[in-house]
Each structure stands twice: as C-alpha cells, then as structure tokens.
Amino acid sequence: MKVIQLFKNETQLIKRAAKKDRKAQRELYELHSGKMLSVCRQYIKDMHHAEEVMLNGFLKVFTHLKDFESKGSFEGWIRKIMVRESISFLRSQKKIVFSNEEIADTGFSEEMNTELNVAHIQNLIDNLPEGYRMVFVMYAVEGYKHAEIAKMLKITEGTSKSQLSKARKMLQEQLNTQNTSDYGIK
Amino acid sequence: MELNKFEENTREILGKREIKPSAQSWEKLEAKLDAEAHKTSPTPWKYIAAAVAVLLIAGTFMWNNNFSESPQVVEEPVNEIIKKPEVKQEFTQENKTQIASEEIKKEEEISTENNTKNDIVVVPEISVEEENAETPIFEENRYKEAVVLEPISLEPPILEEKLIQSKLEEVIAATSKNDKISEDEVDALLAQAASEISRERDRSQFYNSNNEISANALLAEVEDEIYQSFKAKVFEVLKEGYLKAKTAVANRNY
C-alpha cells in the first residue's frame, strides 16, 4: 500500500523537484539512492567512489529534471544517468582496458552451484577487469543491447561482443575453481 | 547453460539490491546542488550582456545603412534635373560660340563607333545652339534625356571623356567670348564644372563594364554626404560595442 502511494506521488514529486523544491528532491533521493548506489557499485569496486559517482549522478538528475519526459519510468531514466556517470568516472580513472588477451577455454562442471548470494556475485564481478565488467554488467544485468553498449563506451559492437564472451569465460573459470574449492559458497 | 543461470541469478539479485548510502550523503548532495545553483545564476547575465552588445552592434549597422541609403536613392535624379539646367542656362544666355559645337561635331564624327546613344545626347546640343531663343527649354530636355540615357549606355568611359571635354569647352568658350565675366565668375564656373564632372564620373563608376552597380562607388558617394561628426560618433559606438562583445566572449568561462 505504501509503495503504491509513493508511485502515485512520484510524478507530483518530480514536478516539485524540477522547480528546485528541496524537500521533494530529498524525498526522491531517499526513494532511489539505495538502488542507484547499487547500480554504481556494480561498476565501481570502491564504495566511496561509487557513492561519489551516485551523488554526482543525482546532481545531474536534479539539474536536468525538466528534460525528463514522463513517458518512460523515472527509475529507468536515473538508472541510465547513473550508468553513464559510472562509465565516465571509470574513463576518467583510465582504468578501462578492453584487452584482447585470450582466456583459456575451460569447461564447466555440470553440478556447478549457481545459487549464489549477493556478496559472492559482486565479488565475482569485481574480479573482472574493468572493461569486461562494464560490458558484462551492462549486457547481463542492465539489459543493454550490444549496439547501445558500443555507443556508450565508444567501442565497436564487435569489441562489445568479444568483451562479453571473455567476461563470461572468466566468470565461468572463477565459478569452476570456486565450485571445486567450495570457496565463498554458503 | 549454467552460465545463463548465473546471469539470470545475477540480474535478479543485483537488480533487487539496495545499498544504503552513508549518513551524510544527502548533505553532500545538497551542498553540490547549492554550488550548482550559484554557478548557474551568474552565467545567464553574461549571456544577456553579450546578446545586448551584439544587438547593439547589429542595430547600429542597420540604422547606419538606412541613414546612408535613403539620401542616395532620392537625391540622385533630383540633382540632375534641377541643378544642371541652372548652370547651363547661364552659359547659353551668354551666347555660346560655334567653335565649341563644331569641335564636338568633329569629335563625334571621328568616334562614332556604334555609339548611337551618345550621338543622341550630343546632336541636340548643336541644334540648340543654332536656335538661341529657345535654349532653356531645349537644354532642359537635353539633360533629362542625358539622365535617362546614361545608365543605359554601355560604354561609360567614352561618354565620360566627352562630357569632360564638352564641359571644359563650354567654360572656355563662355569665358573667352564674353569679356564681361570677371575672374571670380570664371573661378566659380570652373568649380561648378569640376564638381559636375566628378559627379558624372562617380555615376559612371556605378556601372561597371557589365552594367553592374559598383558598391565602392556608391559607398564613396554616400560617405561624402554623411555629416562628418556623425560618422565619427557611429564609429565610436561600433568600436565600443565591439570591445564589449569581445571582452564578454573572452571572459565567458571565468
């Protein structure tokens, strides 16, 4: 009930926040900051940096709130801003390397345990190189298409695809080794 | 595939995940928003100032153009019709000589090359001098005709030469034949003739070889007419506006 009420109020809140109503802005922030920090954390290992990026993302959200057309979902819109903000942060850090190194193709065990908890998944993703992680998260978690990823990261679609397959291979490798050693699985 | 399961799992789990930001995070964001609000407010003023400067310059240009163009369009034909006959009448009343007209006639015969329009201009002059009684009217007609024909003429240089020649001759003839004319009058007549010739030349310059209007000639004529101190003022305003706009543009990022 409470959630439904909040959604009803959201358009109202957005309108007020667009007029620089601080209270409305704060409400919107409280409503979405948790999820958005999670989004930023997917891309950025360091929690402090992730939060900083999230705050900068919200700054953009509030300064460009007039550009938001109520057609799409508000959460989708700010999520996109967060993803862009995270990408530009990583780019400014110059950590992104779309490496071409080949990863040995390892088979995976049939009985691999895929019931993983959040911390473990995050840990697996964190272990990926920046370039792999970005493409993997954008594709597998956020549901972007390769064309969109290529445009946002300023790479070719082919690179996006190869990064994804390399990320998958690397994840599988990790899953295999962790499965055999039972590391990190509860 | 197992990996697909893993991806599904990841999407589901990470999609639902929420991480509570640190306690002071809203305060940090508020500070950022305040800074942004302060940053954005002064910039519009800069843009407004720059826009005003640009408008000022554009306005001055347009006003300047209007001012200089209007007299040029109105005055030209009026000058020709009114001023010329006055000067001419003075000459004709003092009995022009046949020598002048004969010389013109000879010259015409030498350089007749297809210049029929020029002939039309000159021929009445000869007939006019034969019938002295009706000169004023004929002279007027002649000049009206000349005014009409000049822009059409395809060879302005020849026409100009002839005009200078004829005017000089008229002045010489008038002065040499008539003893009553004083030195001052001669000077005045010469000055008048000179100004006429220069005006003729200016006008002929408007039309280039292919009958196009020369912008430079128009500008030269217009500049003579503009009141000098006004011109200086306009340039001063232009300079000021330009400097304002320049500094506004140069400093916009600071």
Side-chain angles (χ1 to χ4, degrees), chain A residues 17 20 22 25-27 29-30 32-42 47-48 50-52 54-63 79 108-122 124-125 136-137 139-143 164-165 167-169 171-172 174-176 179, chain B residues 1-59 244-254:
Chain A
K20 301 202 165 110
R22 227 3 99 68
Q25 287 178 342
R26 177 160 197 173
E27 272 188 66
Y29 174 79
E30 303 287 356
H32 295 285
S33 58
K35 257 194 182 144
M36 294 312 133
L37 183 55
S38 165
V39 170
C40 294
R41 176 64 186 84
Q42 289 168 16
M47 186 56 102
H48 291 287
E51 192 180 283
E52 190 65 26
M54 185 266 292
L55 291 177
N56 283 335
F58 267 104
L59 183 67
K60 285 223 169 102
V61 166
F62 289 138
T63 48
R79 192 178 265 266
F108 52 88
S109 58
E110 290 296 318
E111 63 273 37
M112 182 163 57
N113 190 349
T114 51
E115 291 300 315
L116 306 161
N117 69 9
V118 182
H120 187 211
I121 288 172
Q122 186 63 63
L124 286 172
I125 293 170
F136 178 78
V137 171
Y139 186 88
V141 183
E142 303 283 346
L164 179 69
S165 69
R168 276 176 170 160
K169 273 180 193 169
L171 281 169
Q172 204 143 61
Q174 285 190 65
L175 285 168
N176 285 345
N179 205 34
Chain B
M1 262 179 58
E2 294 293 331
L3 196 68
N4 277 348
K5 261 189 194 168
F6 168 75
E7 278 175 26
E8 262 174 43
N9 227 323
T10 307
R11 191 178 303 136
E12 202 180 306
I13 288 171
L14 288 186
K16 276 193 284 183
R17 181 177 70 170
E18 284 191 32
I19 304 171
K20 206 172 160 43
S22 62
Q24 324 88 335
S25 68
W26 168 252
E27 279 71 29
K28 279 188 200 166
L29 180 60
E30 210 169 13
K32 278 174 197 275
L33 282 166
D34 284 340
E36 188 72 18
H38 278 288
K39 215 168 73 185
T40 46
S41 64
T43 34
W45 283 110
K46 263 188 214 167
Y47 288 120
I48 288 164
V52 166
V54 167
L55 280 176
L56 200 89
I57 292 166
K244 257 189 229 164
K246 204 174 133 189
T247 43
V249 169
N251 294 334
R252 71 187 193 283
N253 286 331
Y254 300 102

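Since the model is a prediction, treat every value here as computed from it, not as a measurement. Per chain, numbering begins at 1; letters A, B, ... match sequence-line order.
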For a quick check under 3.5 Å, do Q42(A) and R17(B) share a side-chain donor-acceptor pair by atom type? no
Given heavy-atom pairs under 4.5 angstrom as the criterion, report whether the side chain, backbone, both or neither of [X] touches chain B.
| X | result |
| --- | --- |
| M36(A) | neither |
| Q25(A) | both |
| R79(A) | side chain |
| S33(A) | both |

Which atom of [X] lies closest to which atom of [Y], heavy atoms considered:
| X | Y | result |
| --- | --- | --- |
| L14(B) | S38(A) | O-OG, 3.6 Å |
| E51(A) | S25(B) | OE2-CB, 3.8 Å |
| R11(B) | A140(A) | NE-O, 2.5 Å |

Rounded at 0.5 Å granularity, tell me how far CD1 in I121(A) sits from CZ in F6(B). 5.5 Å
Evaluate the criterion side chain to side chain contact (heavy atoms under 4.5 Å, CB included) for residue pair K35(A) and K16(B); output intermediate values, then yes/no. CA-CA 8 Å; K35(A) 257 194 182 144; K16(B) 276 193 284 183; over 6 Å; no
Trace of the side chain to side chain contact (heavy atoms under 4.5 Å, CB included) decision for F58(A) with L33(B): CA-CA 9 Å; F58(A) 267 104; L33(B) 282 166; over 6 Å; no
Salt bridge or not for E30(B) and R26(A), using N-O below 4.0 Å? no
Classify the ring geometry between Y29(A) and W26(B) as parallel (under 30°), tilted (30 to 60°) or perpendicular (over 60°). tilted
Using a cut-off of under 4.5 Å on heavy-atom pairs, state which of M47(A), Q122(A), E30(A) scores highest against chain B. Q122(A)
Is the shortest heavy-atom distance from the side chain of F136(A) to the side chain of E7(B) under 4.5 Å? yes
Applying side-chain contact (heavy atoms from CB on, under 4.5 Å), name anything that partners K32(B), two or more places apart in sequence or on another chain. E52(A), L55(A), N56(A), L59(A)
With sequence neighbours excluded, residues passing side-chain contact (heavy atoms from CB on, under 4.5 Å) with I57(B): F61(B), L238(B), A245(B)
